Amino acid sequence: MAYNFDEYINRSGTESLKWDGFENRFPGLDAKGCIPMWVADTDFRVPQEVIDAIVTKAQFGIFGYPKAKGASFDNAVINWIYKRHGWQLMPEWIVPTAGIVPAVTYAIQALTDEGEGVLIQPPVYYPFKQTIELNKRKTIENPLRLNEETGQYEIDFEDLEMKLKDPNTKIFILCNPHNPVGRVWSVEDLTKIGELCLEYGVIIFSDEIHSDLVLKDNKHIPLGMLNPHINQNVITAYSPSKTFNLAGLQASAIILPNKEIRKKYLRQLDLNQVNGLNAFAGIALEAAYNYGEGYRREFLAHVESNIDYALDYVDKHLNGVRIIKPQGTYLVWFDFRGTGMSADEIDAFIIEKAKVAVDLGRWFGEEGAGFLRFNFACHRSILAKALEQIKDAL
């Protein structure tokens, strides 16, 4: 089946967080009239097979409590992860949750005490730090370093080891592919991370939500499949929400190979009275994973085309701006520091003068000052208009 990613779909007035009422997300800035290219959902219809599965359930007309996950859910996750990445999961490892941010929260609650440390690598997805602090844990930071020669972010392993040595550090939240910088971590990087965390007794929560969206000549390696020892020290999070635009249904699959960690995690779900997925989430996940490979390929081709278009446009027309070329995800990290503007001026410029609503770099940590995150999962006309408005504003 061919999917039409060139169809423009007007999402205004559809109760979309991305398109409706986003102006209050930018306090102190006038975001009225901005093109929304911020939060990570896409402007495309989901695969028809997902729509059909949801419609069939809706037409049945009874929405009582759904049963706990069964073989069909497990098999959809197992087959998708094996087909995409070559990792053979066991059914008992799989725990469904209503989204990955809640899943991170349950892990923090289950495996740490108040005041203990959780390590992140800023600039990084900002809900990680929010949930650490809301749960009264200590944020430990191992900032990524931008290699100016390669144009890619790297891990400061000397600093990482120092932070992991601290007996107060209990969990390391890894983002792979990394949001927002778009880095797909190498086998060498992942092996070193896995071995260091084993040595110092730090459990890894590996957020791999963007693992289906790896770009040209790059390969995603699940941390949990590197070797049996690392496998027992890793919680891995997957979801179809980014690939298939299902974030509003809140369906994730959390992989917990270690029996003792899984027991503590399930106990935390009980403490929070978490009772599985809603009536539509599981069937949507199954349909996406069972029938969505063609959709994924065509969607990724569209995103890659948008990235190529933007790289060429920025090089020709946006003096002082550069793109940190992503290896994965549809989220693109722009460096505006070469314009000579301060971080405050850059934030005001993009919202109030260029009139493009993006995720501001400092949301991801102070290391993001001077940067902006754009969502390229959109119609080409939206991207072209946004870039033209930036050009005119500059």
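Note that this is a predicted model, so its numbers are computed, not measured.
Ring planes of Trp185 and His178: perpendicular class, angle over 60° (limits at 30 and 60°). Taking the six-membered ring where the residue is Trp, Tyr126 and Phe364 present perpendicular rings, their angle passing 60° and hence far from 30°.
Remark: Arg362 engages Asp344 in a salt bridge, criterion side-chain N to carboxylate O under 4.0 Å. Salt-bridge annotation for Asp189 and Arg183: present, with a side-chain N of the basic residue lying under 4.0 Å from a carboxylate O of the acidic one. Electrostatic pairing of Lys325 and Glu304 does not count as a salt bridge here, judged by no charged N lying under 4.0 Å from a carboxylate O. In summary, Asp41 and Arg11 engage in a salt bridge, as defined by a charged side-chain N under 4.0 Å from a carboxylate O. The pair Asp30-Lys32 fails the salt-bridge criterion, with no side-chain N (NZ, NE, NH1 or NH2) lying under 4.0 Å from an Asp/Glu carboxylate O. A salt bridge is defined here as a Lys NZ or Arg NE, NH1 or NH2 lying under 4.0 Å from an Asp or Glu carboxylate O, and Glu188 with Lys192 fails to meet this definition.
Using a 4.5 Å heavy-atom threshold, the side chains of Asp207 and Leu174 count as separate. Side chains of Val274 and Thr97 form no contact here, defined as non-hydrogen atoms less than 4.5 Å apart. Residues Arg373 and Val358 fail the side-chain proximity criterion, which asks for heavy atoms closer than 4.5 Å. Using a 4.5 Å heavy-atom cutoff, the side chains of Glu141 and Glu367 are in contact. Within the 4.5 Å cutoff, side-chain heavy atoms of Ile390 are placed close to those of Val356. Residues Lys165 and Glu161 are in side-chain contact: their nearest non-hydrogen atoms beyond the backbone lie under 4.5 Å apart. Contact check for Leu372 versus Asp347: side-chain heavy atoms found under the 4.5 Å cut-off. Taking the side chain as every heavy atom from C-beta outward, Lys385 and Ile382 never approach each other to under 4.5 Å.
Looking only at atom types and distance, the side chain of Glu208 has a donor-acceptor partner in the side chain of Ser206 under 3.5 Å away. Looking only at atom types and distance, the side chain of Asn135 has a donor-acceptor partner in the side chain of Gln109 under 3.5 Å away. With hydrogens and angles left out, the side-chain atoms of Asn245 and Arg45 include no donor and acceptor closer than 3.5 Å. Under the 3.5 Å distance criterion, with hydrogens and angles disregarded, a donor-acceptor pair is assigned to the side chains of Asp43 and Trp19. Under 3.5 Å, the side chains of Thr112 and Arg137 contain a donor-acceptor pair of N or O atoms. Side-chain contact annotation: Gln121 with Tyr153, donor-acceptor N/O pair under 3.5 Å absent. Under 3.5 Å, the side chains of Thr14 and Ser16 contain no donor-acceptor pair of N or O atoms.
A 6.0 Å sphere centred on OH of Tyr291 holds no more than 12 heavy atoms belonging to other residues, nucleotides or ligands. Within 6.0 Å of OH in Tyr82 there are 12 or fewer heavy atoms belonging to other residues, nucleotides or ligands.
Remark: Lys57 fails to qualify as a cation-pi partner of Phe280 under the 6.0 Å distance and 45° angle criteria applied to the six-membered ring. Geometrically, Arg380 engages Tyr309 in a cation-pi contact defined by less than 6.0 Å to the ring centre and at most 45° from the axis.
The ring of Tyr265 has its center no closer than 6.0 angstrom to the ring center of Trp93. Outside the 6.0 Å centre-distance limit, the rings of Phe371 and Phe334 are not counted as a close aromatic pair. Aromatic rings from His302 and Phe44 are positioned such that their centres are separated by under 6.0 Å.
Checked by atom type and distance alone, the side chain of Thr236 never pairs as donor or acceptor with a backbone atom of Ile255 at under 3.5 Å. A donor-acceptor pair under 3.5 Å is absent between the side-chain atoms of Glu116 and the main chain of Asn168, judged by distance alone.
Partners of Asn275 according to the side chain to side chain contact (heavy atoms under 4.5 Å, CB included) rule, which considers only residues two or more places apart in sequence or in another chain, do not exist here.
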